[in-house]
Structures are given as structure tokens and as C-alpha cells.
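Taking it in order: structure first as C-alpha cells, then the write-up.
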Amino acid sequence: MDTTTDTRTQVPPRHGVSRQVALSVSGMTCAACVARIERVLSKRPGVIRASVNLTAERADITFDPDRIALPDLVEAIEGTGFGAVPLEGAAAPAEERSADEARRTLITLAIAAVLTGPMVMDMFLALAASAVRVPGWVQLLLATPVQFWAGARFYKGAWHALRGGGANMDVLIALGTSAAYGFSAWQVFAGHHGGHTYFEAAALVITLVIAGKYLEARARRATNRAVEALVALRPETARVLREDGREEVIPAERVRKGFILLVRPGERIPADGVVREGRAAVDEAMVTGEAMPQERGPESHVTGGTVNLDGFLKVEATAVGAEAVLGRMIAMVGHAQATKPRIQRLADTVAGYFAFFVTGVAIVAFVGWYLATGSVEAAILPAVAVLVVACPCALGLATPAVLAVALGAGARHGILIRDAEALEKAYAVKAVVFDKTGTLTEDRPELTDVVPLEGEADSLIALAASVQRVSSHPIARALLDEAKNRGLAPMEVADFRAVSGRGVTGAVDGRALAMGNRALMEEVGADVFAHLDHAAGLESQGKAVVWMARDSQIIGLFAVADRVRASAAGAVAELKRLGVEAVMLTGDAPAAARAVAGRIGIEHVLAQAKPEDKIAEIERRQTEGQVVAMVGDGVNDGPALARADLGIAMGGGTDVAVQAAGVSLIRDDPALVPAVIDLARASRRKIVQNLGWAFGFNLVMIPLAALGHLPPVLAAVSMTVSSLAVVSNALMLQNWRGRASRS
């Protein structure tokens with residue numbers, strides 16, 4: 001999976017303009033390969049950053065196009081012995097290549113296993129002191145194709161590594177098995193028929209390593225299924241309605257903004273768009289994480305990749321390709337997999353020098369045993385075991401395997417993480433600062449109180465809906481929603497007039513009605529003083545008061561307030577359980593802010609906050625040593641999102657908010673905020689476990705091998721198990737079900 005070495009910075013671009021490209025890289029086997037490619041790229045003039053991902057087999061490069069061209073980047077990678085082609089945002093080519101490679105590896109493994117079988121049988125016959133043995137020259141014939149055909153990949157990889165000035169796992173395997181094979185061949189050609197040969201050790205090591213590579217590749221492919229699943233959501237074709245009324249089926253990638261798309265039941269919607277005609281239930285689970293189908297009708301927004309379940313929709317495309325929600329998700333997950341947190345950089349640095357260190361240990365072991373015993377045979381086996389057991393693969397996979405699975409799990413729950421650094425910061429968050437409107441509350445008010453001063457509540461609501469029915473004000477929508485919920489039909493209104501900044505007036509059943517603030521009541525001659533206590537009581541709860549007068553007499557009061565999101569209180573409670581403080585910053589009046597905070601359990605509130613006030617509060621907490629996350633959705637939240645250690649943009653957020661944030665939430669659900677932190681902490685635990693295992697394994701096994709307590713065959717098994725253990729531990733994150741994300 002990722003094995004990125006963050007970035008190496010060269011001379012800045014002369015014109016301040018940089019370009020980013022993703023290349024599909026083939027032939028990498030371990031972390032040392034990644035380190036070498038990044039080292040070579042970083043030395044090229046014009047390369048600003050280079051980040052290589054082992055599992056995804058990709059390199060993300062930022063460069064100055066005035067100083068270096070794309071073909072030069074490809075040439076640089078190919079010069080290190082690896083293949084490189086532009087990825088062009090598609091995951092399929094790498095996946096197809098990976099599948100072909102897996103098939104070839106399986107065939108090689110099968111042939112190597114058949115050839116190795118008789119040599120292994122001879123080993124058991126020797127242990128049983130049997131008189132029946134496989135002759136040495138037969139073992140030589142069997143071992144030679146295993147060594148130089150099946151094992152050719154190790155020689156090729158070792159040659160490229162050494163030619164590039166580095167060393168990797170292939171160097172270790174090639175050295176170790178060549179030593180065992182060469183010593184055994186010498187025994188046969190020299191006629192030392194009484195001496196023991198180690199053809200079975202060399203052949204079995206190669207066979208086991210190939211088997212491990214096959215299993216490891218299959219396991220690592222499982223960590224990339226997040227991107228594969230997202231790519232699979234893209235339909236191959238789209239049904240387009242032309243201007244002359246013709247229907248035409250075209251490849252989905254040819255859809256452009258403004259196209260009218262026809263979507264029938266059971267079909268995937270080809271692009272983001274707005275429904276112009278029709279109504280249907282749409283399954284959005286794979287994109288938003290919302291399990292229940294959503295009703296979509298005229299003027300509703302729909303997302304490309306979602307499924308029309310039961311109706312016919314005519315959709316106008318508004319975003320396609322990389323600009324669409326699905327395209328952004330694929331790009332974000334792919335980019336995030338190509339980065340790595342600081343904790344992995346140490347492991348990568350170690351992996352880069354690991355092969356040289358191990359080779360030195362093997363030489364010391366060989367010399368030490370030879371001096372102690374005077375026997376080449378006694379000295380060569382510990383040296384071979386050291387070379388075989390010590391592999392940097394576990395180190396290289398420790399973090400990237402976890403990141404791939406974590407990013408996929410997050411995407412399935414509606415959490416898009418921009419890069420590994422964002423995940424690392426989320427792990428350490430101690431305070432979450434929320435914007436109020438659009439984040440903890442919905443971006444529309446709801447009717448909370450009706451105070452009839454004349455008649456009943458239903459009659460007042462019916463009158464209110466009548467006079468507000470043609471108004472576009474958010475409060476009018478709240479009143480109309482309440483009337484609809486109560487089954488009250490609005491009446492005809494005459495002489496409607498919207499009074500800017502004050503309210504509306506009209507006539508119902510020939511009687512004059514006015515709805516609005518105190519200024520409007522005074523304008524129509526209504527006496528508000530007798531009812532100020534009622535109004536003050538509602539306003540003290542952070543609610544906005546709307547007055548209603550009929551024929552200049554006050555007949556009722558209405559109170560509206562922000563609609564608190566259903567999951568807000570649960571999200572705050574979950575943050576407290578995680579030991580994270582929740583804070584609310586808002587530009588609203590103190591009473592309104594305190595009312596919302598009280599309903600959802602937030603104790604720390606800063607009201608009437610301007611954008612600069614939000615930044616100042618974040619900086620104050622940072623100076624106190626807190627790692628601060630900011631959650632927002634609006635343009636005015638952009639600076640605060642950028643200033644916080646971790647910015648989290650809500651699903652309905654503006655482009656400014658999304659661009660400034662390290663994490664984007666697909667849906668407007670505050671419960672996803674603690675889920676981000678919970679996922680980050682679960683990922684951190686897995687990374688620490690994997691790195692601990694990888695370092696600990698080598699710390700124990702290398703000395704055992706050097707001291708002669710670990711035969712080469714067992715060394716090969718141990719090395720394979722080590723790498724598989726790391727990947728398997730990472731795959732357990734697939735079972736992550738963040739409590740908060742389900743609330």
C-alpha cells in the first residue's frame with residue numbers, strides 16, 4: 001500500500017506554476033523500491049514533490065513543467081528498473097495489470113512447487129536416515145530452473161536495485177539463495193557425494209517467497225477495493241435526450257454539463273444533476289452512506305453513481321467527471337492513499353538502508369562461523385538464514401496497508417480524508433470547534449411555539465400559511481411546513497405585499513392581515529405593549545418572534561428557531577466519550593447560540609463571532625497545546641478551517657469550505673465528526689501494532705538466524721508470515737463500525 005516518502009522539495013518553480021501527475025508504477029516489491037524511486041525523482045531538477053504508493057502501484061508527482069516534462073519523469077522511473085505510465089485518474093489499468101501479474105505468479109509458483117517437491121522429500125529422507133536418497137545431480141537439475149527461472153524476478157530486481165545505488169528485498173533473496181545453490185552445486189561438481197547439499201533450502205526459499213508474494217498481493221489488493229468500488233459505481237453508458245427529441249445511448253464519459261439524461265428504474269444515474277421531470281426513490285447508500293432510499297422529484301439534486309429504484313427521471317447534468325461527487329471521492333481516496341504520516345517516514349528511512357545492514361550482518365555471521373568452525377558449510381547456512389529472514393516488506397506495508405483500509409472504511413461511511421496527515425491529526429484532536437448554522441443546525445428555521453391571543457392555534461397557523469404562501473422567506477417556509485404537517489390548507493390571499501425587512505401584509509376573507517416584526521406592527525397601528533412579556537420570554541430562549549395582527553389587533557405570536565440536526569446531541573455526547581471538548585462559535589446573538597448549545601449539550605459558546613474571532617479562538621487553544629478541529633460549511637468558515645489543525649467540511653458545504661478542509665463529509669451529519677476521530681484512533685492503533693510487530697520481528701529473528709538457530713527454510717516461512725501478519729492486521733479495520741457514524 002502506500003509507501004510514500006512524503007516529499008522532497010527542490011528549487012521552487014520559476015513561475016510559481018506547478019503541475020501534478022499520477023503515474024502507474026509496475027515492478028515494485030517492497031519499501032526499499034519505493035524509497036529508491038522517490039530518491040531518484042527528488043534529485044531531478046524541477047521535481048517539487050514525489051510520493052510513491054506501493055500497494056496502489058502509483059507515484060504522485062508535483063513538478064514545474066517549465067523545468068521538467070512528463071516523459072522525463074517516466075524515464076527517471078524506468079531508469080531505476082520499474083515501469084511507469086500515466087495513470088490518468090483510472091484505477092482499472094493497474095488493477096488489470098495486478099490481476100495478470102497474480103495469474104503469472106500463480107503459474108510460476110505451481111511449477112516451482114512441483115520441482116521443489118522431490119528435494120523436500122530428500123530432506124525428510126535424510127532426517128529419517130533412509131538409504132533411499134535423491135541423487136545430488138538430480139537435485140541440481142531440479143533446482144536450477146527454480147533458481148534461475150522462477151527466481152529470475154529476484155535477480156532482475158536485485159540488479160536494478162544495485163544499479164540504482166540501493167538494495168532491497170530482492171538483493172537479500174538473490175544473495176541468500178545463490179549462496180546455498182552455489183555451495184551445493186560446488187559439492188556436486190567436486191564429487192563430494194558425502195557432503196550435504198542445500199538445494200532444497202534455496203529452492204524452498206524461492207518457492208515460499210513466491211507463495212508469500214502471491215498471498216500478499218491478494219491481501220494487498222483487498223486494501224484497494226475502496227477505490228475499485230467507487231470506480232465500479234460509474235455506469236458505462238448514459239441515455240441522452242437530444243434537442244430534436246431523439247434518445248441516444250452514449251458512453252458515460254462523453255456526458256457534458258447541460259445534457260438531459262433519461263434514467264429508468266434500475267439504472268445508475270450517469271452524472272450529478274438536477275431532476276427536471278419525474279419522481280423516484282433513489283438508492284444513495286454507496287455514495288452517501290444513507291441506507292434508506294431518498295425520494296427525489298423536480299428540482300431535487302441527484303448524485304452520479306446512485307441508483308434509480310422505481311421511477312422515470314429526466315435529469316439535467318450539472319457536474320461530470322472529476323468535478324462530480326463520485327469523481328472527487330475517487331480522487332481524494334487515491335490521493336490520500338499516496339501520502340503517509342510522520343510515523344511511517346522513520347520506517348521508510350530504515351527500510352531504505354535495511355538491506356545494506358542485513359548484508360553486513362550476514363557477512364559477519366559467515367566470517368564468525370567460519371572462524372569458529374573452519375567449515376564453509378557451517379558458516380554459509382546462518383548467513384543465508386539472515387539474508388532470507390530479514391525483509392523490509394513488513395516495515396513498508398505497516399502503515400500503508402492500514403491507511404488503505406481506513407480510507408476505504410471512511411469512504412463507505414461518508415467520510416472522505418484528503419491525506420494521511422489529516423488522519424494523523426484527527427487522532428490527536430482534543431477540541432472540536434463547530435460553526436452553528438448549517439453544521440449543528442439545518443439551514444432553515446422551524447416553528448417552535450404558537451401563542452394564540454385570539455382563537456385557536458390551528459386557525460392562526462392557517463391564516464399565517466395563507467398570507468405567507470407566496471413569500472420566499474425562510475420563516476414563510478417554516479410556517480407552510482407546519483400547516484402542511486397539520487393538514488391545514490392555505491386560503492386565498494388578496495393585496496399581498498412584502499414589506500422589506502419587516503414582514504408581509506395581505507387580506508384573507510376581506511380582513512387585513514399583517515405578519516412580521518414589531519416595526520411592522522407599529523406601522524399598521526397594532527398595540528404590542530400588552531404582549532411584550534410573551535415576546536421577551538420567547539426571545540430569551542434564542543427564538544425569533546413573529547407577530548400577527550388582524551385589522552390592527554394583535555391576535556397571536558409565533559416563535560421560530562434554527563432546526564437542530566437530529567444527530568447533533570448524540571455527536572456531542574460521543575465526543576465527550578472520546579475525551580474531546582465540543583465548542584460552538586457562531587455569528588448569531590448570544591440568546592440563540594445558548595439555546596442551541598443547551599439543547600445539544602455544548603458548554604462552551606462564543607456568540608456574535610466574526611471570522612477573525614473564530615481564528616483567534618482556535619489560535620488561543622492551539623497556544624494552550626490543544627490539537628483543534630474546526631467543523632463548518634460556509635464561505636466565512638474557510639479561514640478557520642484552514643487555520644485549525646484539522647478542518648472538517650460538512651456535506652452541503654461550499655467549495656471554499658471543502659477546499660480548506662482536510663476531511664469532507666459526504667452528508668450533513670454531525671455524528672460523522674466523532675466517527676472521524678474514532679477511525680483515526682483505530683487506525684493509529686493498527687499502525688503502532690504493525691510497526692511494533694515489524695521492528696520486533698527483525699529484532700528477534702535476525703540474531704536468531706545469525707546464531708544458527710533458524711534454518712533457511714524456516715527463515716523463509718517466518719519472513720512470509722511476517723508480511724502477511726501486517727496486512728491481515730490492517731484488513732481487520734474493514735470491520736470498523738464507528739459508533740458515531742451509525743447514530
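Side-chain atoms are counted along with the backbone in the values below, which use heavy atoms only and exclude waters and symmetry mates. Residue numbers count from 1 along this sequence.
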Does this structure show an ion pair linking Glu617 with Arg620, if we count only N-O contacts that are shorter than 4.0 Å?
yes
Separation between CE of Met521 and CE of Met515, rounded to the nearest 0.5 Å
8.0 Å
Of the non-hydrogen atoms in Arg279 and Gly297, which two are nearest, and what is the gap between them?
NH1-CA, 3.8 Å
Taking it one step at a time, do Arg276 and Glu299 satisfy salt bridge (Lys or Arg N to Asp or Glu O under 4.0 Å)?
CA-CA 6 Å; Arg276 296 307 182 198; Glu299 304 309 311; 3.1 Å; yes
When you measure from the side chain of Lys686 to the backbone N and O of Ala406, does any donor-acceptor pair fall under 3.5 Å?
no
For Ala607, does its backbone N or O pair with a side-chain atom of Thr586 as donor and acceptor, under 3.5 Å?
no
Test item: Pro270 and Val263 side chains (from C-beta on) under 4.5 Å apart, heavy atoms:
yes
With side chain to side chain contact (heavy atoms under 4.5 Å, CB included) as the test, would you mind laying out the steps for Ile269 and Thr303 before giving the verdict?
CA-CA 7 Å; Ile269 298 171; Thr303 303; over 6 Å; no
Is the backbone of Phe529 close enough, under 3.5 Å, to the side chain of Asp527 for a donor and an acceptor to pair up by distance?
yes
Expected output: side-chain Arg667 to main-chain His413 donor-acceptor under 3.5 Å
yes
List the atom of Ala675, the atom of Ile415, and the distance in Å for their closest heavy-atom pair.
CB-CD1, 3.9 Å
How about Leu672 and Val663: do any of their side-chain heavy atoms sit closer than 4.5 Å?
no
Using a cut-off of 6.0 Å, state whether more than 12 heavy atoms not belonging to Asn735 lie near its atom CG.
yes
Which is it for Ile417 and Leu679 under the side chain to side chain contact (heavy atoms under 4.5 Å, CB included) test, yes or no, and what are the steps along the way?
CA-CA 11 Å; Ile417 300 167; Leu679 175 61; 4.1 Å; yes
Does atom CG of Asp533 have more than 12 heavy-atom neighbours, drawn from other residues, nucleotides or ligands, at distances under 6.0 Å?
no
Is it the case that the side chain of Thr441 and the backbone of Lys436 share a donor-acceptor pair, with hydrogens and angles ignored and the cut-off at 3.5 Å?
yes
If you compare all heavy atoms of Ala682 against all heavy atoms of Leu733, which two are closest, and at what distance to 0.1 Å?
CB-CD2, 3.9 Å
Which atoms form the tightest heavy-atom contact between Leu447 and Ala559, and what is the distance?
CD1-O, 3.4 Å
Can a salt bridge be assigned to the pair Glu581 and Lys576 using a cut-off of 4.0 Å between side-chain N and carboxylate O?
no
Close side-chain approach of Asp645 and Val429, heavy atoms under 4.5 Å:
no
Could you tell me whether a side-chain N or O of Asp551 sits under 3.5 Å from a main-chain N or O of Ala512, the two making a donor and an acceptor?
yes
Assess whether atom NE2 of His531 is packed by more than 12 heavy atoms of other residues, nucleotides or ligands within 6.0 Å.
yes
So, the side chain of Arg268 versus the backbone of Gly305: is there a donor-acceptor pair under 3.5 Å, distance only?
yes
Which donor-acceptor pairs under 3.5 Å do side chains of residues 452-466 form with protein atoms, sequence neighbours excluded?
| from | atom 1 | to | atom 2 | distance (Å) |
| --- | --- | --- | --- | --- |
| Glu454 | OE2 | Arg550 | NH2 | 2.7 |
| Asp458 | OD1 | Arg486 | NH1 | 2.7 |
| Ser459 | OG | Glu456 | N | 3.3 |
| Ser459 | OG | Glu456 | O | 2.7 |
| Ser466 | OG | Ala462 | O | 2.7 |
| Ser466 | OG | Met491 | N | 2.7 |

What I'd like to find out is whether the side chain of Leu585 reaches to under 4.5 Å of the side chain of Asp613, using heavy atoms alone.
no
Compare every heavy atom of Ala597 with every heavy atom of Val605, then report the nearest pair and how far apart it is.
CG2-CB, 3.3 Å
Looking only at heavy atoms, the pair that brings Ala426 and Ala680 closest together is CB-CB, 3.5 Å
Could you give me the CA-CA distance, side-chain angles and deciding distance for Gln468 and Arg477, then say whether side chain to side chain contact (heavy atoms under 4.5 Å, CB included) is met?
CA-CA 8 Å; Gln468 296 280 4; Arg477 191 164 66 243; over 6 Å; no
Distance-only, no hydrogens or angles: does the Asp481 side chain make a donor-acceptor pair with backbone N or O of Lys484 under 3.5 Å?
no
Nearest 0.5 Å, what's the NE2-CE distance between His604 and Met584?
12.5 Å
With a 4.5 Å cut-off on side-chain heavy atoms, are Leu557 and Trp547 touching?
yes
So, Asp310 side chain and Ala281 main chain: donor-acceptor pair closer than 3.5 Å or not?
yes
When rounded to the nearest 0.5 angstrom, what distance separates CG in Leu513 from OG1 in Thr505?
9.5 Å
Taking Glu574 first and then Arg577, would you say they form a salt bridge - that is, a charged N and a carboxylate O separated by under 4.0 Å?
yes
For the atom pair CG (Leu309) and CZ (Arg296), what is the distance rounded to the nearest 0.5 Å?
11.5 Å
Might you work through the side chain to side chain contact (heavy atoms under 4.5 Å, CB included) test for Val450 and Glu482, ending with a clear yes or no?
CA-CA 11 Å; Val450 180; Glu482 184 64 23; 5.8 Å; no
Treating Asn517 as the side-chain partner and Leu520 as the backbone partner, does any N or O pair qualify as donor plus acceptor under 3.5 Å?
yes
Roughly how far, to the nearest 0.5 Å, is the CG atom of Leu423 from the CD1 atom of Ile687?
6.5 Å
Does Glu492, at its CD atom, have more than 12 non-hydrogen atoms belonging to other residues, nucleotides or ligands within less than 6.0 Å?
no
Report the distance from atom CD of Glu539 to atom CG of Leu532, rounding to the nearest 0.5 Å.
9.0 Å
Please name the residue in the list Val673, Val627, Ile677, Val572 that meets the side-chain contact (heavy atoms from CB on, under 4.5 Å) test with Val580.
Ile677
Side chains of Ile648 and Val432: closer than 4.5 Å at any heavy-atom pair?
no
Partners meeting side chain to side chain contact (heavy atoms under 4.5 Å, CB included) with Glu619 (sequence neighbours left out)
Ile615, Gln622, Arg643
Side chains of Met630 and Asp435, heavy atoms from C-beta outward: is any pair under 4.5 Å?
yes
